[in-house]
Amino acid sequence: MQDEKKDIKSFTIAELTEEFLALGEKKFRATQVFEWLHRRGVTDFMQMTNLSAQLRETLESQYRIVTLREVKRLASAQDETVKFLFALPDDKVIESVFMKYRHGNSVCISSQAGCRMGCRFCASTLGGLERNLSASEMLEQIYRIQELTGERVSNVVVMGTGEPMDNYENLVRFLRLISAPEGQNMSIRNITVSTCGIVENMRRFANEGLPVTLALSLHAPNDEARKRLMPVANRYALSEVLAACDYYFEQTGRRISYEYSLVAGENDTEAEADALGRLLKGKNCHVNLIPVNPIKERDYKQSSFKNVLNFRKRLEKYNINVTIRRELGADIGAACGQLRKSHLDSVALHTEET
Ligand code: SAH
């Protein structure tokens, strides 16, 4: 059984060292294997040519190397964004997006297969949560994309399907692994983690010594409007969520990025811009305005471009740093969970037909 073998790609170098000592192997073998897995991205023990054949066989019998299989690839005709649909070892599917920016290549990864947060405008949550992703499955999205595109990835955003603070241990493990000097050595400062606001874990995260950029999905300037869009707002008051953001800033010195998806008639009035301005005034932060990406299951509509510009202008009056998120890959349904959802729908349809 595959599951009885240990997931070697999720071990930190310290843990791997313990494993190797227990096998009666020298310590430096752990570093060698870690480099094969995390720097070179090999998918088979037999490729680890500086190990003895006997050690490779021992590893093969006790460990598995988690790899993802490409199911589908959609390349944008408008820009260089590429969306990948990957199958996990148990054949569940997830999506990841490769984006090119002037400052480097970025990958948006999923942290869960599905999601249980229920945000009303989001496609990822429609089928609920299937399961958490392991650290290795988060890493693999980046390793496979580097391999498939031949490009080096310097930035990661954990903004794909799933709520990272709902898969806390694996998220933290992933961050330690991707930044390990013996592996990709990615700068923690080049990573953004986006959360809908799970307060306890945001506070815990502030003290992990992993100063990523924290993005908070705010989407409304008061509890009532937020509850209409995000069920998680019933669990945590806006005041608690903002206090957790302030705490994160105090502990890490990293300014918070507030995400605000503009939905016509739901959260995009001038009064709401002013309320948001008053709420964030004086904070060292950044606001990202995202015209909502409509999904077919809901009738939410994008705010008009004029409204988006006006919303920004009003926020700027409060001396807040605002950007309007450039829409990359709009033609390939790059919004959270859309590709995965349409894939699952077509599989379901196919199954019904046959
Ligand atoms: N669960 C995390 C990360 C995943 S979603 C979170 O909630 O932050 C990444 C961002 O995209 C969030 O701000 C989310 O609210 C937003 N989002 C999801 N679906 C969207 C859509 N259809 N249009 C615009 N933004 C969307």
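The basis for the numbers below is simple: all heavy atoms, side chains too, and nothing from hydrogens, waters or symmetry mates. From a predicted model like this one, the values you see are computed outputs, not experimental measurements. Atoms within a ligand are numbered from 1 in the order they appear, just like the ligands themselves. Quick note: residue numbers are just sequence positions, from 1.
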Per-atom contacts of ligand 1 with [X], taking only distances under 4.0 Å to non-hydrogen atoms:
X: V292; answer: 21 (C), 23 (N), 24 (C)
X: C196; answer: 6 (C), 7 (O), 8 (O)
X: G160; answer: 4 (C)

Taking the basic N atoms (NZ, or NE/NH1/NH2) and the acidic carboxylate oxygens, is any pair closer than 4.0 Å for [X] and [Y]?
X: R120; Y: E266; value: no
X: E147; Y: R152; value: no
X: E95; Y: R340; value: no
X: D274; Y: R314; value: yes

### Task
May I ask whether M117 places a heavy atom under 4.0 Å from ligand 1?
no
### Message
Measuring from non-hydrogen atoms of P294 to any atom of ligand 1, is the shortest distance under 4.0 Å?
### Response
no
Among [options], which one has a heavy atom closest to [atom]?
atom: atom 1 (N) of ligand 1; options: G162, C122, S194, A123; result: G162
atom: atom 15 (O) of ligand 1; options: R298, M159, H219, M165; result: H219
atom: atom 6 (C) of ligand 1; options: S217, S111, S261; result: S217

### Query
Is there any N or O on P164 that sits under 3.5 Å from an N or O of ligand 1?
no
### Query
Per the side-chain hydrogen bond (donor to acceptor under 3.5 Å, both in side chains) rule, which among H38, E137, E140 passes with K9?
E140
### Task
Kindly indicate, with the supporting measurements, whether the criterion ring-ring contact (aromatic ring centres under 6.0 Å, His included) is fulfilled by Y260 and F311.
CA-CA 11 Å; Y260 198 103; F311 203 92; 5.1 Å; yes
### Query
Is the number of heavy atoms from other residues, nucleotides or ligands within 6.0 Å of CZ (R40) greater than 12?
no
### Query
Which one holds for T161 and ligand 1: side chain close, backbone close, both close, or neither close, with close meaning a heavy atom under 4.0 Å?
neither
### Query
Where's the contact between E259 and ligand 1, heavy-atom distance under 4.0 Å: side chain, backbone, both or neither?
side chain
### Task
Check whether the ring centres of F28 and F20 lie less than 6.0 Å apart, and answer yes or no.
no
